[in-house]
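Taking it in order: structure first as structure tokens, then the write-up.
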Number of protein chains: 2
Amino acid sequence: MSSYHPLTEEEAVELAKSVPNVLQPGQEIVCREIGDGNLNLVFHVSQPTTGASLILKQALPYAKVVGESWPLSLDRARIESEALQIQGKLAPGLVPTVYLYDADLALTVMEDLSDHVIMRRGLMEGGTYPKFAEHISEFLAQTLFFTSDLGMNQQDKKALVKSFINPDLCKITEDLIFDDPYTNSPNNSFDDHLQEEAQALWDDTALHLEVALLREKFLTHAQALLHGDLHTGSIFITPESTKVIDPEFAYFGPMGFDVGAVIGNLLLNYAGQEQWSPDESTRRERRAYLLETVRDVWTLFDRNFRQLWDESVMDRMARTQGYQHHYVRRLLQDTVGFAGCKMVRRIVGLSHVADIDKIPDPAIRHKAQRLALSIGKSLILRNRDTFSIDEIIDVADSAVQAARN
Amino acid sequence: MSSYHPLTEEEAVELAKSVPNVLQPGQEIVCREIGDGNLNLVFHVSQPTTGASLILKQALPYAKVVGESWPLSLDRARIESEALQIQGKLAPGLVPTVYLYDADLALTVMEDLSDHVIMRRGLMEGGTYPKFAEHISEFLAQTLFFTSDLGMNQQDKKALVKSFINPDLCKITEDLIFDDPYTNSPNNSFDDHLQEEAQALWDDTALHLEVALLREKFLTHAQALLHGDLHTGSIFITPESTKVIDPEFAYFGPMGFDVGAVIGNLLLNYAGQEQWSPDESTRRERRAYLLETVRDVWTLFDRNFRQLWDESVMDRMARTQGYQHHYVRRLLQDTVGFAGCKMVRRIVGLSHVADIDKIPDPAIRHKAQRLALSIGKSLILRNRDTFSIDEIIDVADSAVQAARN
């Protein structure tokens, strides 16, 4: 069973049995394929009598998005598996444990997180996650600092850059986030009522300049090993636990792209509260919670990152007075710009988010979409002038005020 | 003869004979090893009766600098050979032709350029090279533009980044250019009379901040395939011809590092004119020529680069209004900063230049060293505020005025 083919459920069960110390011999095993079939097969293998379970994730040699299909390298399974193992070492407990990786089958066998929910869904259902900001900021600070030239041997980093060259998956980001939304591309997909807003995006050359600069950073700035797709659909969560999954987009890029993905997706949910809060007072409360979370994610990340720097920086020149300040300020600015790009593309680009798209009433949906676009555009336009996370909170607050008037 | 060992002259001759269409059979062949023995063996193989000749360059598995020896990857021979071939395609006639590359022997057989002189020596001897600025700016614009995300397919570029990961050689630059000169490192080497100037470098935290930022760019900014060591000792020249050699430091880094290397080395010769001009009037003339060359190198590079951009840019977002201007301005700023770093390290760091070190009179040498340090420091300190090449000319001019007073 060593050369590549999509696994059957029977084969998945046999592979699951080969993992030591998880399933008990001689007990009933249940297997379900639970992937969405667009990029990967995902088998959930469990043993009802013992409660043991695990996940087998196998890459498919193509991507399907909204009916279209294009070939996609199986090498992404290696990248995902290796990234998970690096992240697991740097941020223990914050990613699923990898039990086994089979290169020929493009298969990773890992910890089952069915007791968690996908954070996007959790937020849509009104969940609060008091540990989230602490956990995700630790994940971000540890993985970004210790895979950068600040926190690891600079020659070893170059070898790691080499093994995380990820052209296929980077191209998806380059097209769908940093190009299509800013032109009348056939890849775009948006509600008819957004035609005017889309046209405004395509005509806004000041916005395009900022996007071009952020795109350039994504293409050239090999700062740290990124997760590369750190939206709230890549996070499994409970009130006590946070697990970051699916790092198949991992590559060496600008740190702010990961931090911005988290913040941008919190703000997409913030925009979606037009729907997900039952009344005005809940909505106000919910939005306050989300903005507090945005603030905490940055503030704790900032604190953790600087602490790692002070304790563990490996680059003598990086200890220069004023350099840390300069570095972290640019990191905030990148975060703001990338957060904005992440928001805009989810409204007019190919791939959307449930926080907005699942709003059934078109008028309410339109309001949420305009709010998300307004915040996203503001963040992109002001990214290079940002000096404090408070400014982001103000942007989000003002956008809601403006939408009300 | 396929597995690695340092070649004998006899073996070099046999290999030279195997290159088609260069040497004639049955005619006398002369072979001389002409390398300095620190990094490579270099065999000059020639045929006096026909005038045919070629060069065999073989990497040694170690580097020797000022008596010290450390291991160095033979992979640099592959990198040099592949870089030469890419550069030869992009800038025809501006690098030696590669006849043969033997991976096992870490050997490149290439065009003999004995009819050229090393530019550093040519400049020291008062040579003028009316075609140089045109040639080198074409080399820079072609090789940098077409190996960047602007001028090549962005997924193909990622594969090229992977094959030019060059940790050993990058480390030499990171240590010797972006670290040692700014601290009391045992790698440094300078005349006793420079103790005060060296101490001032080690204490200047404003300077260190700029160097830290430039170092970060060298470490993370994978903008284009650089030559990586483009000083005037890596250029063979005649009044009509320019050939760039020795790209073993090639890797994907910030474009300004190559442009800055050329400009910094012209300015080192400018500082050395304390010695190399026989009288004050020649000195003034010579310095005017060098500054004109600095200006032309930038101006022609700027023009060529923008022309390639206008004609051939492959990134839709890069056509955004204002982006080219923003990009080229940052490129000038990087050029200025890197030119400064290249100058400073040649005065107090491990590896020096003959333009300065071969000045026999210590007082004259000291004057030239102070001039080079003064220009280098100014360029580093003002790099992020530079908007025009005129400012560089002014810095160099003012430093000479100040030294006179």
Side-chain angles (χ1 to χ4, degrees), chain A residues 73 148-150 153-168 170-171 174-175 178-180 182-183 185 204-224 251-255 315-327 330, chain B residues 148-150 153-171 174-175 178-180 182-183 185 204-224 251-255 315-327 330:
Chain A
S73 160
S148 78
D149 288 295
L150 299 167
N153 175 288
Q154 299 178 337
Q155 273 47 55
D156 294 344
K157 181 206 163 204
K158 291 170 179 67
L160 215 53
V161 168
K162 189 172 180 171
S163 78
F164 282 97
I165 295 284
N166 196 353
D168 280 17
C170 283
K171 178 155 176 62
E174 289 155 21
D175 289 350
F178 294 113
D179 186 345
D180 295 328
Y182 306 96
T183 189
S185 162
D204 190 340
T205 53
L207 191 74
H208 296 180
L209 176 60
E210 298 305 322
V211 174
L213 290 167
L214 290 159
R215 175 180 172 87
E216 181 190 324
K217 284 186 187 164
F218 186 86
L219 286 164
T220 62
H221 199 197
Q223 203 174 15
Y251 87 111
F252 274 77
M255 296 178 177
D315 185 323
R316 196 190 67 77
M317 289 302 291
R319 291 193 215 108
T320 299
Q321 199 190 345
Y323 179 63
Q324 184 191 95
H325 176 71
H326 196 283
Y327 194 104
R330 283 180 289 138
Chain B
S148 79
D149 289 295
L150 300 167
N153 174 288
Q154 299 178 337
Q155 273 46 55
D156 294 344
K157 180 205 164 206
K158 291 170 180 66
L160 215 54
V161 168
K162 189 172 179 170
S163 78
F164 283 96
I165 295 284
N166 196 354
D168 280 16
L169 283 285
C170 283
K171 177 152 176 63
E174 289 156 21
D175 288 351
F178 295 113
D179 186 345
D180 295 329
Y182 305 96
T183 188
S185 162
D204 189 341
T205 53
L207 190 74
H208 296 180
L209 176 60
E210 298 305 322
V211 174
L213 290 167
L214 290 159
R215 175 181 172 87
E216 180 190 324
K217 284 186 187 166
F218 186 85
L219 287 165
T220 63
H221 199 197
Q223 203 174 15
Y251 88 111
F252 275 77
M255 295 178 178
D315 185 323
R316 197 191 66 77
M317 289 302 291
R319 289 192 216 110
T320 300
Q321 200 188 345
Y323 179 64
Q324 184 191 96
H325 176 70
H326 196 284
Y327 193 103
R330 284 179 289 138

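- Taking chain A as the reference chain and counting heavy-atom pairs below 4.5 Å, the highest number among B:Gln321, B:Gln223, B:Gln154, B:Glu216 is found for B:Glu216.
- With a 4.5 Å cut-off on non-hydrogen atoms, B:Lys157 touches chain A through its side chain but not through its backbone.
- B:Arg316 pairs by the salt bridge (Lys or Arg N to Asp or Glu O under 4.0 Å) definition with A:Asp179, not counting sequence neighbours.
- Contacts between B:Asp156 and chain A at a heavy-atom distance below 4.5 Å are absent for every atom of the residue.
- Looking at B:Thr320, the atoms closer than 4.5 Å to chain A (heavy atoms on both sides) all sit in the side chain, from C-beta outward.
- Within a 6.0 Å radius of NE2 in A:His326, more than 12 heavy atoms belonging to other residues, nucleotides or ligands are found.
- What you find for B:Ala159 and A:Ile165 is that their closest heavy atoms are N-CG2, 4.5 Å.
- Interface remark: B:Leu213 contributes backbone and side-chain atoms alike to the contact with chain A (heavy atom separation under 4.5 Å).
- Interface summary for chain A: among B:Leu219, B:Val161, B:Leu209, the most heavy-atom pairs under 4.5 angstrom belong to B:Leu219.
- Taking the six-membered ring for Trp and thresholds of 30 and 60 degrees, A:His208 and A:Tyr182 have ring planes more than 60 degrees apart, a perpendicular arrangement.
- Taking A:Phe178, A:Tyr323, A:Tyr251 one by one and counting their heavy-atom pairs under 4.5 Å with chain B, the maximum is reached by A:Tyr323.
- One distance of note links CZ of A:Phe252 with CZ of A:Phe164; it measures 7.0 Å at 0.5 Å rounding.
- Looking at B:Thr183, the atoms closer than 4.5 Å to chain A (heavy atoms on both sides) sit in the backbone and in the side chain alike.
- Proximity to chain A is limited to the side chain of B:Tyr327, based on heavy atoms less than 4.5 angstrom apart.
- Counting heavy-atom pairs under 4.5 Å between each of B:Ala318, B:Ser148, B:Ala222 and chain A puts B:Ala222 at the top.
- Applying the salt bridge (Lys or Arg N to Asp or Glu O under 4.0 Å) rule to A:Lys171 yields the partners A:Asp175; only residues at least two apart in sequence or on another chain are considered.
- A salt bridge does not link A:Arg215 with A:Glu210: every distance from a Lys NZ or Arg NE/NH1/NH2 to an Asp or Glu carboxylate oxygen is 4.0 Å or more.
- Ring-plane geometry between A:His221 and B:His221 is classed as perpendicular, the angle between the planes exceeding 60 degrees on a 0 to 90 degree scale with a lower cut at 30.
- Counting heavy-atom pairs closer than 4.5 Å to chain A, the top residue among B:Thr205, B:Val211, B:Asp315, B:Asp168 is B:Asp315.
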